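Structure, as structure tokens:
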Number of protein chains: 2
Amino acid sequence: MPKKVDHEQRRTRIAEALWGIAASRGLEAVSMREVATAAGMSIGLVQHYFASKDEMLLYATVLLRDRLSERLRHGLAGMESAAPRDVLRALLVTLLPLDAEARTETLVGVAVFIRALNDETLAARYREGQTRLAAAVAGCLQGLTTDPGTAADTLLALVDGLASGLLLGHHTPEHAISILDRQISQMTESSVRLTE
Amino acid sequence: MPKKVDHEQRRTRIAEALWGIAASRGLEAVSMREVATAAGMSIGLVQHYFASKDEMLLYATVLLRDRLSERLRHGLAGMESAAPRDVLRALLVTLLPLDAEARTETLVGVAVFIRALNDETLAARYREGQTRLAAAVAGCLQGLTTDPGTAADTLLALVDGLASGLLLGHHTPEHAISILDRQISQMTESSVRLTE
DNA sequence: GTTATCGCCATATGATCGTATGGCAAAGGA
DNA sequence: TCCTTTGCCATACGATCATATGGCGATAAC
């Protein structure tokens, strides 16, 4: 057999090149040629690792989700024994596009969201991710508020909207975090009030 | 002079055809040919009314914003003397994609949002619209809560996130409205509590 | 040393894109 | 009646797209 290369590494490099293009110029600017150029490869090589553009896109989105999971795990590292409220805040803040890496991921996520609107397979994956996130958030809220399920949906919808505002530059990071903190406080405080 | 036609009507028909394509298959599926076919025109006729694709897109987005204004005005009709809280609720509910028309508008809005992320002109228009909306919402909240500005940003971000969930089918209309109502109640109630 | 296989590449193909161009029918002013 | 203007259309052009194809070193097995 001839020389061996790490296929996974090649695919990752291609996917990252794709993200860069999608984040800076939108998913519609993503073409085999552009991706190949950005990755420093020939078009043929990209074709060699992904039989079609759709396959490449699929791989890139799956890898993106994995990166988000990783980012969440990293953001929550060492908080196993922290107060649920602090875990909750860390989780939600990690979801916001506050640094370059998170911004790229969110931008690509939005681009994929658009595609999901007309692709039931993608939409189902999206919903599943949201449901899982909501479960995690609701878990943090257990005992902190009445109806943790609704509260979780509320917080996630808020984070979603804040992310849009951040991407557009309509909100500053400080403003977005302040809004989020105020909401968390209000939700946890009001429960105390209601249970008194 | 030869026969006269209503240019504005022609342009509107083209824009509506564009919306239909953008809403059902995404903005990237929008091409001169597709729009012409959907509008029941020749490609040349579309070219006759819009010198370029960008010009067509611009017109379609401006008209979209006008339609949203109209929808808001219609949703708030006859509420001039209603309680601010009811006006607020009507305004926010009108922003949600609850019927087919609103859904199309929101879908196109999201598609344009994506483009705005890499187009500073569009982004500026988007931010201006958001700012104006926030001012209207804050106006409704005057006296109902402390810091109406932050409350307005919170509510609009929440509505944004709820809209995403509705588009994807992750939330049902009833669920989204219930979340919104709960939030409005919490915000207005808590202020009463704080000012007591 | 021969050979099969793997990594990779250059180029071709057919489709579709935005846009440019030239012309035709109709209608009203001269 | 002639002529200019307007509305509209068919076609062409160059670019770019996704994808298919054939081939060229290099390497490891034999």
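Chain naming here is simple, since letters A, B, ... match the order of the sequence lines and numbering starts at 1 in each. Just so you know, these numbers come straight off a predicted model, no measurement behind them. Only this structure's heavy atoms are used, side chains among them; waters, hydrogens and symmetry mates stay out.
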Identify which one of A:Arg132, A:Arg125, A:Gln130 satisfies the side chain to side chain donor-acceptor pair (under 3.5 Å) criterion when paired with A:Glu128.
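It is A:Arg132, the one option of A:Arg132, A:Arg125, A:Gln130 that forms the side chain to side chain donor-acceptor pair (under 3.5 Å) with A:Glu128.
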Which part of the nucleic acid, if any, lies within contact of B:Phe50, taking any heavy atom under 4.0 Å across all strands shown: a base, the sugar-phosphate backbone alone, or nothing?
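Nothing, no heavy atom under 4.0 Å.
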For [X] and [N], what is the distance between atoms [atom1] and [atom2] respectively, to the nearest whole Å?
X       : N      : atom1 : atom2 : result
B:His48 : C:dA20 : NE2   : C1'   : 14 Å
B:Glu55 : C:dG18 : CD    : P     : 14 Å
B:Met41 : D:dC9  : CE    : C1'   : 13 Å
B:Leu58 : C:dG18 : CG    : C1'   : 17 Å
A:Glu28 : C:dT16 : CD    : P     : 19 Å

So does [X] get a side-chain nitrogen or oxygen closer than 4.0 Å to the phosphate oxygens (OP1/OP2) of [N]?
X       : N     : answer
A:Arg10 : C:dG7 : no
B:His7  : D:dT6 : no
B:Tyr49 : D:dC8 : yes

At their closest point, which heavy atom of B:Ala90 faces which heavy atom of B:Gly75, and how far apart are they?
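Scanning both residues, the minimum pair turns out to be CB-O, 4.3 Å.
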Give every residue pair that meets the salt bridge (Lys or Arg N to Asp or Glu O under 4.0 Å) criterion with at least one member in residues 27-43 of chain A, sequence neighbours excluded.
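Listed once each, the pairs are A:Arg25-A:Glu34, A:Glu28-B:Arg115.
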Please write out each protein N/O paired with an N/O of nucleotides 14-20 of chain D under 3.5 Å, distance rounded to 0.1 Å.
from: D:dA18; atom 1: OP1; to: A:Lys53; atom 2: NZ; distance (Å): 2.8
from: D:dA18; atom 1: OP2; to: A:Met32; atom 2: N; distance (Å): 3.0
from: D:dA18; atom 1: N7; to: A:Arg33; atom 2: NH1; distance (Å): 3.0
from: D:dA18; atom 1: N6; to: A:Arg33; atom 2: NH2; distance (Å): 3.1
from: D:dT19; atom 1: OP2; to: A:Lys53; atom 2: N; distance (Å): 2.7
from: D:dA20; atom 1: N7; to: A:Gln47; atom 2: OE1; distance (Å): 3.1
from: D:dA20; atom 1: N6; to: A:Gln47; atom 2: NE2; distance (Å): 3.0

Taking the side chain as every heavy atom from C-beta outward, state whether B:Phe113 and A:Val110 have any pair of such atoms under 4.5 Å apart.
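Yes, side chains in contact.
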Taking B:Arg71 first and then B:Glu105, would you say they form a salt bridge - that is, a charged N and a carboxylate O separated by under 4.0 Å?
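Answer for the salt bridge query: yes.
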Check this for me, if you would: do A:Arg11 and A:Glu55 make a salt bridge, where the nitrogen-to-carboxylate-oxygen distance has to be below 4.0 angstrom?
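Between A:Glu55 and A:Arg11 there is no salt bridge, as every charged N stays at least 4.0 Å from the carboxylate O atoms.
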